[in-house]
Amino acid sequence: KNEVEQSPQNLTAQEGEFITINCSYSVGISALHWLQQHPGGGIVSLFMLSSGKKKHGRLIATINIQEKHSSLHITASHPRDSAVYICAVFIGNQFYFGTGTSLTVIP
Amino acid sequence: DTEVTQTPKHLVMGMTNKKSLKCEQHMGHRAMYWYKQKAKKPPELMFVYSYEKLSINESVPSRFSPECPNSSLLNLHLHALQPEDSALYLCASSQEGKPYNEQFFGPGTRLTVL
């Protein structure tokens, strides 16, 4: 069983749509990270959350510690948002990554 | 300077070669990481250095040998690799030597072992 589960695995959206990607984890954590990886490999850290909600431009990340669940929202999606979005948590002394959500935004 | 740089971007090597990957950051971060990522899979942690000391080695084969010469530099020495070691190798760094702090990733080195 994966410690971190993401859904959906793949997502296709029309430009302008509101997008939600979900992440659930199995045990207590110190922090959860949302990462973005574009084709070609580079990973960008979008958010690190330990409680509540963070917003950066069109991206919003929320976390519910009691329910062990986090969501990443993209408002007014754009083709340049097409990427793989990965959530990662630190449990014990190890980082655990979700399997990623591959997002394609069609013009 | 808020970036992590990695060289080379691409590397092709034979199974008998010895090569090194290099990672550098000038953000004053005291933790640095090596990850391996296969296609369509999430990154797998290989090594963590905290204050220039190896703190985590995730049972990585000895043909991968990390080195942290100073707080800004991280090397990964490669020797006698296998074709299944072909992957994207990512370096990252974070503040204060605590793994759960925000990590900054480099662009990666795409390694092909023939």
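Protein chains get the first letters and strands the later ones, always in sequence-line order, with residue 1 at the start of each. Just so we're clear, the structure is a prediction, and the values are computed from it rather than from any experiment.
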Extract all donor-acceptor atom pairs below 3.5 Å that involve side chains of residues 45-57 of chain A and protein atoms in other chains or at least two apart in sequence.
unit_1	atom_1	unit_2	atom_2	d
A/Ser45	OG	B/Glu102	OE2	3.3
A/Lys54	NZ	A/Met48	O	2.7
A/Lys55	NZ	A/Gly57	O	3.1

Examine whether an atom of B/Gln37 lies under 4.5 Å from a heavy atom of chain A, and if so say whether it belongs to the side chain, the backbone or both; otherwise answer neither. side chain
Are A/Leu59 and A/Leu32 joined in one hydrophobic group, where the rule is that I, L, V, M, F, W and Y side chains link up if heavy atoms are under 4.5 Å apart? yes
Heavy-atom neighbours of B/Lys38 NZ exceed 12 at 6.0 Å: yes
B/Trp34-B/Val60 co-clustered via ILVMFWY side chain contacts under 4.5 Å: yes
For A/Ile43, is it the side chain, the backbone, both, or neither that has a heavy atom closer than 4.5 Å to a heavy atom of chain B? both
When every non-hydrogen atom of A/Gly98 is compared with those of B/Pro42, the smallest separation belongs to O-CB, 3.3 Å
Chain B contact via A/Leu35 - which portion, at a heavy-atom distance below 4.5 Å: side chain
Are B/Val48 and B/Leu73 connected in the hydrophobic side-chain network, where two residues link if heavy atoms are under 4.5 Å apart? no
Same cluster or not: A/Val84 versus B/Tyr35, using hydrophobic residues (I, L, V, M, F, W, Y) connected whenever any side-chain heavy atoms lie under 4.5 Å apart? yes
B/Met15 reachable from B/Leu76 in the ILVMFWY side-chain graph, under 4.5 Å edges: yes
I'd like to verify something: which residue of B/Pro43, B/Ser55, B/Ala92 has the highest number of heavy-atom pairs under 4.5 Å with chain A? B/Pro43
Name, in order of residue number, those residues of residues 78-90 of chain B that have a heavy atom at a distance of less than 4.5 Å from a heavy atom in chain A; otherwise write 'none'. B/Leu88, B/Leu90
